[in-house]
There are 2 protein chains.
Amino acid sequence: MDPRQAELLNSAIRTISIRHRALAAALLAPLGLHPGQEVLLFELHNRGPLTQGQLASASGCEPPTITNSARRLEAAGLLVRTESPDDARVTIVDLSDRGRALLPALQQAWTQLAEQSVARLLTTPPERLVEDLSDLASSLEAARARCSPCSTRSRSREPVDEGVPDPGSAPIRQ
Amino acid sequence: MDPRQAELLNSAIRTISIRHRALAAALLAPLGLHPGQEVLLFELHNRGPLTQGQLASASGCEPPTITNSARRLEAAGLLVRTESPDDARVTIVDLSDRGRALLPALQQAWTQLAEQSVARLLTTPPERLVEDLSDLASSLEAARARCSPCSTRSRSREPVDEGVPDPGSAPIRQ
DNA sequence: AGCCTATGATTATGCGGCTAACCTTTTGGG
DNA sequence: CCCAAAAGGTTAGCCGCATAATCATAGGCT
């Protein structure tokens with residue numbers, strides 16, 4: 001791919017990520033929520049009580065993220081976490097009454113977010129934009145699915161000897 | 001806007017943000033970089049030495065973010081920060097030799113990121129996707145510019161009565 | 001039964017990003 | 001000339017999100 005096009009694509013995605021999140025923050029703040037938290041509430045609303053693992057995959061993030069976010073939302077009184085009676089490992093999370101009461105306003109904020117996001121489009125019909133974004137989202141999800149099984153290989157208890165860890169081949173860590 | 005469409009739009013943007021970042025992390029890790037850091041290096045490469053403030057607006061994030069990221073990149077030896085001789089307040093940041101040496105590999109990773117992002121598109125021509133994403137990015141940038149100067153006034157606020165500090169009207173903070 | 005693995009969740013740690021508050025240096029009036 | 005306002009950065013604190021390591025329970029297999 002042309003490096004110029006690549007740069008355009010990556011930069012556009014970065015801008016969209018940051019600005020959409022900022023807009024979400026502004027619209028969710030009156031409801032006492034941070035961006036990302038609303039997704040958990042929506043998933044619980046649409047699918048009913050969920051295991052934290054289910055909530056993780058439903059919301060597209062990793063289990064530790066759910067642990068922390070669910071804890072905060074529980075402290076805020078918006079959801080309840082209970083131990084499963086069937087399996088002592090799993091914790092089931094569900095909306096609380098306060099959480100449920102928040103949903104209409106949340107739905108409204110969610111709609112405003114989308115409206116304001118596309119309000120200044122110059123050349124793109126919103127319907128086509130949604131289709132293209134969904135297509136891109138699927139493409140990225142597929143890329144992830146293809147890359148993931150390679151690294152998540154046969155986890156035997158015996159630690160695999162990887163040789164000498166390359167000192168320059170990992171992200172900076174301070 | 002139709003709530004269904006709004007949900008599709010917001011969810012797609014969320015998925016794109018998370019997955020694109022994850023893919024970037026995977027491609028940048030061999031170079032010792034985290035997603036977001038490459039942007040600073042590219043900007044310095046394309047525009048020459050910059051003030052941290054200029055770097056902030058060029059990279060689309062806030063000054064405190066630059067302070068921390070630039071510090072880490074300096075610690076990694078990829079860039080240099082020097083006090084401006086003209087103005088004791090400003091610090092000028094520029095690529096180091098090591099940072100410059102990293103650019104070709106960075107350019108390659110950046111291109112791979114874009115290629116892999118669009119590799120599984122089903123119905124969307126990549127050129128159109130780039131155009132639409134750029135349009136959306138501009139729209140969101142414009143929304144930000146519009147919301148920033150005015151203090152959220154013009155809308156009629158029916159839900160919350162301004163006057164008593166509502167204990168639930170700010171993001172959850174623990 | 002006994003062990004070994006798989007699974008669900010949590011802890012620890014780190015990064016990018018943000019806002020609010022603060023410090024320092026410049027600058028612009030009176 | 002001096003002092004107040006503006007401008008550039010940093011600090012402190014928080015959140016979402018991630019990976020790696022750990023803990024605890026469930027399940028399978030001999």
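This structure is a prediction, so every number in the text was calculated from the model and none was measured. Just so you know, these numbers use all the heavy atoms, side chains as well, and skip hydrogens, waters and symmetry mates. Letters go in sequence order (proteins before strands), and every chain restarts at 1.
- Partners of B/S59 by side-chain contact (heavy atoms from CB on, under 4.5 Å), not counting sequence neighbours, listed by chain and number: A/R14, B/V39, B/L40, B/C61, B/I66.
- Heavy-atom distances under 4.0 Å link DNA chain D to B/T67, B/R71 of residues 67-75 of chain B, given in residue order.
- Taking atom CG of A/D86 as the reference point, atom P of D/dG27 lies 9 Å away to the nearest angstrom.
- Looking only at side-chain heavy atoms (C-beta outward), A/R72 and A/N68 come within less than 4.5 Å of each other.
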Without placing hydrogens or testing angles, list every side-chain donor-acceptor pair under 3.5 Å for residues 77-86 of chain B, not counting sequence neighbours.
{"unit_1": "B/R81", "atom_1": "NE", "unit_2": "B/E74", "atom_2": "OE1", "d": "3.4"}
{"unit_1": "B/R81", "atom_1": "NH1", "unit_2": "B/Q52", "atom_2": "OE1", "d": "2.8"}
{"unit_1": "B/S84", "atom_1": "OG", "unit_2": "B/D86", "atom_2": "N", "d": "3.1"}
{"unit_1": "B/S84", "atom_1": "OG", "unit_2": "B/D87", "atom_2": "N", "d": "3.3"}

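- Regarding B/Q54, its CD atom lies at a distance of 8 Å from the P atom of D/dG9, rounded to whole Å.
- Side-chain nitrogen and oxygen atoms of B/T65 include at least one within less than 4.0 Å of the OP1 or OP2 phosphate oxygen of C/dC18.
- Distances from the side chain of B/P64 to the nucleotides D/dT19, D/dT10, D/dT25 place D/dT10 closest.
- Residues from residues 10-28 of chain A lying near DNA chain C, meaning a heavy-atom separation below 4.0 Å, are A/R14, A/I18 in numerical order.
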What are the atom names and distances for every N/O pair under 3.5 Å that joins the protein to nucleotides 5-7 of chain D?
{"unit_1": "D/dA7", "atom_1": "N3", "unit_2": "B/R89", "atom_2": "NH1", "d": "3.1"}

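- Residue A/T51 places its side chain closer to C/dG8 than to any other of D/dC15, C/dG8, D/dG9.
- For the pair B/R81 CZ and D/dG8 P, the computed distance is 17 Å after rounding to whole Å.
- Distances shown here put a side-chain N or O of B/Q37 below 4.0 Å from the OP1 or OP2 atom of C/dG16.
- The nearest whole Å value for the distance from the CD atom in A/E62 to the P atom in C/dC15 is 19 Å.
- Across C/dG8, C/dG16, C/dT10, the shortest atom-to-atom separation from the side chain of A/P63 is found for C/dT10.
- Here the closest non-hydrogen pair linking B/S139 and A/S117 is OG-O, 2.6 Å.
- Counting only heavy atoms from C-beta outward, the side chains of A/R21 and B/S17 never approach each other to under 4.5 Å.
- When the C1' atom of C/dT7 is taken as reference, atom CD of A/E83 falls 15 Å away, rounded to whole Å.
- If you take CG of B/D87 and P of D/dG9, they are 8 Å apart, rounded to a whole angstrom.
- In this structure, the side chains of B/T123 and A/E131 stay at 4.5 Å or more apart for every pair of heavy atoms.
- Using a 4.5 Å heavy-atom threshold, the side chains of B/L129 and A/D135 count as separate.
- Listed by chain and number, the hydrophobic cluster partners of A/V90 are A/I92, where partners are ILVMFWY side chains within reach of under 4.5 Å, directly or through others.
- Here the shortest heavy-atom pairing between B/Q37 and B/H34 reads OE1-N, 2.8 Å.
- Atom P of nucleotide D/dT11 and atom CD1 of B/I66 are separated by 15 Å, given to the nearest angstrom.
- The nearest whole Å value for the distance from the CD atom in B/E38 to the P atom in C/dC15 is 15 Å.
- No side-chain heavy atom of A/E38 sits under 4.5 Å from any side-chain heavy atom of A/L31.
- A heavy-atom distance below 4.5 Å is not found between the side chains of A/Q5 and B/P126.
- Both A/A88 and A/P35 lie near DNA chain D, and the one whose nearest nucleotide falls closer to the 5' end is A/P35.
- B/L136 places none of its side-chain heavy atoms less than 4.5 Å from the side chain of A/T15.
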